Amino acid sequence: MIRIDTHAHVFSRHDQCIETARYVPDYDATVEQFLAHLNAHDLTHGVLVQPSFLGTDNSAMLNAIRQFPDRLKGIAVVSHTISLDELLEFKLQGIVGTRINLFGLNVPDLTQSDWQTFLLNLEKVNFQLELHAPPAYLIQVLPILSHYNINIVIDHFGRSVPELGVDDPDYHTFLNLLDSKKHWVKVSGYYRLGSHPENIETAQKAFSLLKVKGMLNKMVWGSDWPHTQHEDLVSYDKTFQVFQKIVANPDEQSMILNQNAIRLFNF
């Protein structure tokens, strides 16, 4: 049976990080290590996500996909001024979408003509758009993105603010904006939500609220390997075990790992 980890990163300590990187790794996260984790957990496929500290240089991820094209696809980070031809070239290399990480940045004005062109081009190449942003940002961009025929994938349960958790009014506004026809949510990065990585309560509450909003068939799981900035506290084993605690129902686990992820990523 196909079972997919939809969120992981590969990189080398020797890769050139962008000058504005908030984090720079001092170790390697290789595609061979990632595939070993998949194999150990009876997972068949993986989706690599370009880490923010490498900017728009997607070469490490593309090289990994090139080696294992039957098992891997990717989400690239690109400039919003990228051409349609360049997006098509990415598609030929196993890329299925682009990611916008808004942490540490201002919310872009998606109504500007260059952003509109970018979003229309994503439609043309059938790319998804992955958002990594706090709820206060998500509630600003989701209404604008609703005008485009794009799968919108929201990272890490919607990244509730650790101090507020799911009680944040912005998080509830975000939940109310969710549309099961357009939006997907990654059940991932639970340790980025609470005041301490061991606390899974916020993720459990978020999962329950997302189910109430009718999103069960639009959730996918990601390990977030190698758990950047939390490497000493989290392991691949741990993330998979916690997933099974957050999603205790085996049928729901199967839906998230298998049916949902296959529909989104077309493996």
Side-chain angles (χ1 to χ4, degrees), residues 7 9 17-23 47 49-58 61 74-91 95-164 166 168-186 188-189 192-193 206 210 213 215 218 228 264:
H7 195 106
H9 312 287
C17 293
I18 59 174
E19 290 185 4
T20 55
R22 294 175 294 122
Y23 166 85
V47 180
V49 178
Q50 171 74 348
S52 59
F53 49 79
L54 293 183
T56 58
D57 180 2
N58 295 272
M61 178 179 62
I75 302 293
V77 171
V78 301
S79 166
H80 71 282
T81 58
I82 190 173
S83 69
L84 178 60
D85 285 344
E86 289 172 301
L87 288 174
L88 287 168
E89 181 62 29
F90 270 122
K91 188 169 186 175
I95 298 301
V96 294
T98 65
R99 187 192 201 206
I100 299 176
N101 184 344
L102 293 178
F103 278 90
L105 302 175
N106 294 321
V107 181
D109 182 358
L110 300 183
T111 64
Q112 290 183 341
S113 60
D114 51 355
W115 276 103
Q116 290 178 331
T117 299
F118 172 68
L119 295 167
L120 288 170
N121 283 342
L122 293 186
E123 278 188 0
K124 291 175 183 175
V125 299
N126 194 30
F127 270 11
Q128 60 184 259
L129 179 63
E130 185 169 301
L131 297 175
H132 185 213
Y137 283 20
L138 291 172
I139 64 178
Q140 295 179 60
V141 299
L142 288 181
I144 300 169
L145 293 171
S146 68
H147 300 296
Y148 297 89
N149 185 27
I150 304 169
N151 279 321
I152 305 298
V153 184
I154 297 151
D155 276 354
H156 307 329
F157 296 93
R159 272 305 292 266
S160 57
V161 180
E163 295 77 19
L164 300 173
V166 297
D168 181 4
D170 285 338
Y171 192 76
H172 281 272
T173 302
F174 153 69
L175 290 172
N176 289 330
L177 287 172
L178 287 174
D179 179 349
S180 61
K181 295 185 180 69
K182 286 182 172 289
H183 299 140
W184 299 75
V185 179
K186 285 190 174 179
S188 59
R192 302 185 188 278
L193 307 181
L210 288 162
K213 292 297 179 182
M215 296 296 290
K218 301 302 290 290
T228 53
L264 179 58

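What you see is a predicted model; the values in this text were computed from it and never measured.
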So I82 and F90, side-chain contact (heavy atoms from CB on, under 4.5 Å) or not? Walk me through it. CA-CA 11 Å; I82 190 173; F90 270 122; 3.7 Å; yes
Summary of side-chain hydrogen bond (donor to acceptor under 3.5 Å, both in side chains) pairs that have at least one residue in residues 135-154, sequence neighbours excluded: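 Sorted pair list: N151-W184.
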Using every non-hydrogen atom in the two residues, find where [X] and [Y] come nearest and quote the distance to one decimal.
X    : Y    : result
F53  : Y23  : CB-O, 3.2 Å
P135 : S160 : CG-CA, 4.0 Å
V141 : L110 : CB-CD1, 3.8 Å
M215 : D179 : SD-C, 4.4 Å
F157 : A206 : CD2-CB, 3.8 Å
P108 : L102 : CD-CD2, 3.5 Å

Any side-chain heavy atom of [X] sitting closer than 4.5 Å to one from [Y]?
X    : Y    : value
K182 : L142 : no
L54  : C17  : yes
P143 : L177 : yes

Can you tell me how far the [atom1] atom of [X] sits from the [atom2] atom of [Y], to the nearest 0.5 Å?
X    : Y    : atom1 : atom2 : answer
L131 : L129 : CG    : CG    : 4.5 Å
N58  : I95  : CG    : CD1   : 6.0 Å
L175 : K213 : CG    : NZ    : 6.0 Å
I152 : I100 : CD1   : CD1   : 8.5 Å
R159 : F174 : CZ    : CZ    : 12.5 Å
L119 : I150 : CG    : CD1   : 5.0 Å

Check ring pair (Phe, Tyr, Trp, His ring centres under 6.0 Å) between F127 and all other residues, then give those that pass, not counting sequence neighbours.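 Checked F127 against ring pair (Phe, Tyr, Trp, His ring centres under 6.0 Å); zero matches.
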Under 3.5 Å, side chain of Q50 to main-chain N/O of G55, donor-acceptor pair present?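 The answer is yes, because a donor-acceptor pair under 3.5 Å joins these two groups.
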Determine, stepwise, if the pair F118 / T98 fulfils side-chain contact (heavy atoms from CB on, under 4.5 Å). CA-CA 11 Å; F118 172 68; T98 65; 3.7 Å; yes
Can you sort out the partners of [X] under side chain to side chain contact (heavy atoms under 4.5 Å, CB included), two or more places apart, ordered by chain and number?
X    : value
D114 : H80, Q112
T56  : V77
L84  : L88, N121, K124, V125

Going by the rule side-chain hydrogen bond (donor to acceptor under 3.5 Å, both in side chains), which residues pair with [X] if we only count those two or more places apart in sequence or in a different chain?
X    : value
H183 : none
N101 : H132
T81  : S79
T111 : D109

Please list all pairs passing the salt bridge (charged side-chain N to carboxylate O under 4.0 Å, His left out) test where one or both residues lie in residues 133-151, with sequence neighbours left out.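 Listed once each, the pairs would be none.
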Any pair with a residue in residues 76-89 that passes salt bridge (charged side-chain N to carboxylate O under 4.0 Å, His left out), sequence neighbours left out, goes on the list, sorted by first then second residue, please.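 Sorted result for residues 76-89: empty, none.
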When you look at CG of N106, are more than 12 heavy atoms from neighbouring residues, nucleotides or ligands closer to it than 6.0 Å?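 For N106, atom CG is not crowded (no more than 12 foreign heavy atoms under 6.0 Å).
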Go through I154 and L178 one step at a time and tell me if the side-chain contact (heavy atoms from CB on, under 4.5 Å) criterion holds. CA-CA 10 Å; I154 297 151; L178 287 174; 3.8 Å; yes
Can you name the residues that form a salt bridge (Lys or Arg N to Asp or Glu O under 4.0 Å) with K186, not counting sequence neighbours?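 In terms of salt bridge (Lys or Arg N to Asp or Glu O under 4.0 Å), with neighbours along the sequence ignored, K186 is linked to E130.
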